[in-house]
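Below: the structure, in structure tokens.
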Amino acid sequence: MDDLQFGTRNKRGDWAPKAHPQIAFFWSNPFDLTKWVKFLIGYVWPWNVFHMAVTLLYWRYLLPDWETMKTLSWSWALWLYAVNGIGIFLMYGAIEFFYYWKRRQGTRFKYNAKFPAEQPSDVFWFKSQNIDNFIKSYVYGIAMWTLVEVFMLWCFANHYVYWLNWSEHPYWLTFLMFMTPVIHEVNFFVIHRTIHIPILYKWIHSLHHNSVNPSPWSSLSMHPVETFVYHGVVWWHLILPSNPLIALFQLHMAGYGAINGHIGFDKLEITEDTALDSHAYLHYLHHKYFEVNYGGDGLIPLDKWLGTWHDGSKEGQAMMDARYAKKVARANAQKQNS
Ligand SMILES: [Zn+2]
Ligand SMILES: [Zn+2]
């Protein structure tokens, strides 16, 4: 595919999309039926259909039975760790293999022309972003994800929380299912913005930001505290009356879905003329500039409302620069006063 039909490339070879990401259309135009249809298709297809398919696979074949999960034990916890680990290896590994190792589409649609393998750095274990991020994904990311999952399933197994049935509460559960991306986005914004408070950033979140040019294995390479609160989005289903299937779906949207912001390519070419949209640009800009785009795709556009939205346009850049200049002026004023 010719990526220059969709974007521009600068002197360094970095590619940027011509069409800037937009917040969800209904905030400005809620009654446009055609846009609703288009939006709803994109809302479920393909990523959420994928997460639901994986969730059903877990539900049907991979989860231990509910009687077993009534008692906490290492055996089923380690089983789930292995299941999550293998699942992530297959999904993230496939994207890493084809697009970063085999480089099947070269740098077409790639935001940063460099591949992490070409940029050894002291901030990483073994000076390698790939090895460092891979190990931390397993030792921190997936371990904490599994811990959250085990606790959630144990609560449901013992009926310590509401477990609503689909036959008795179809409307509420369907509504809740549709709200999972909203819950994800708001929850992510709040915890992510919080760990950007300087002291928490230094202690917790800087580990994830070591990857300025993120790639698939950066997705779950987080400090244990961060990955615990990130996957803790599932607590909403222990507070609200819910169902473990929806809770598991919510958890997968966080675990398997973390890759979306870190793919590094705007589109993944599947065939000669079909490609998969990654939805990675806003979070790519977050890794590049740090203090913009704390949230997701603008479904609930908290960044827009709070002035931290950067869509890659000149206006977005000017707003960020102005905020930064104000911050520097404030810091200088404080220095003079002390
Ligand atoms: Zn990230
Ligand atoms: Zn961040």
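Whatever order the structure lists them in is the order used to number ligands and atoms, beginning at 1.
The name of the N, O or S atom in His205 nearest to the Zn ion (ligand 2) is NE2. Take the N/O/S atoms of His262: the one nearest the Zn ion (ligand 1) is NE2. Per residue His283, closest N, O or S atom to the Zn ion (ligand 1): atom name NE2.
With the Zn ion (ligand 2) as the vertex, atom NE2 of His286 and atom NE2 of His196 span an angle of 90° (nearest 10 degrees).
Side-chain contact check for Asp32 and Thr34: at least one donor-acceptor pair (N or O, by modelled atom type) lies under 3.5 Å. Judged by distance alone, the side chains of Thr227 and His223 never bring a donor and an acceptor atom under 3.5 Å apart. If you check the side chains of Asn133 and Ser211, you find a donor sitting under 3.5 Å from an acceptor.
The ring pair (Phe, Tyr, Trp, His ring centres under 6.0 Å) test with His286 singles out one residue from His196, His208, His262, His310, and that residue is His196.
The Zn ion (ligand 2) has an N, O or S atom of His192 under 2.8 Å away, backbone or side chain. Taking backbone and side chain together, His287 holds no N, O or S atom under 2.8 Å from the Zn ion (ligand 2).
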- Run the side-chain contact (heavy atoms from CB on, under 4.5 Å) check on His237 and Met152 step by step: do they pass? CA-CA 9 Å; His237 297 273; Met152 177 272 283; over 6 Å; no

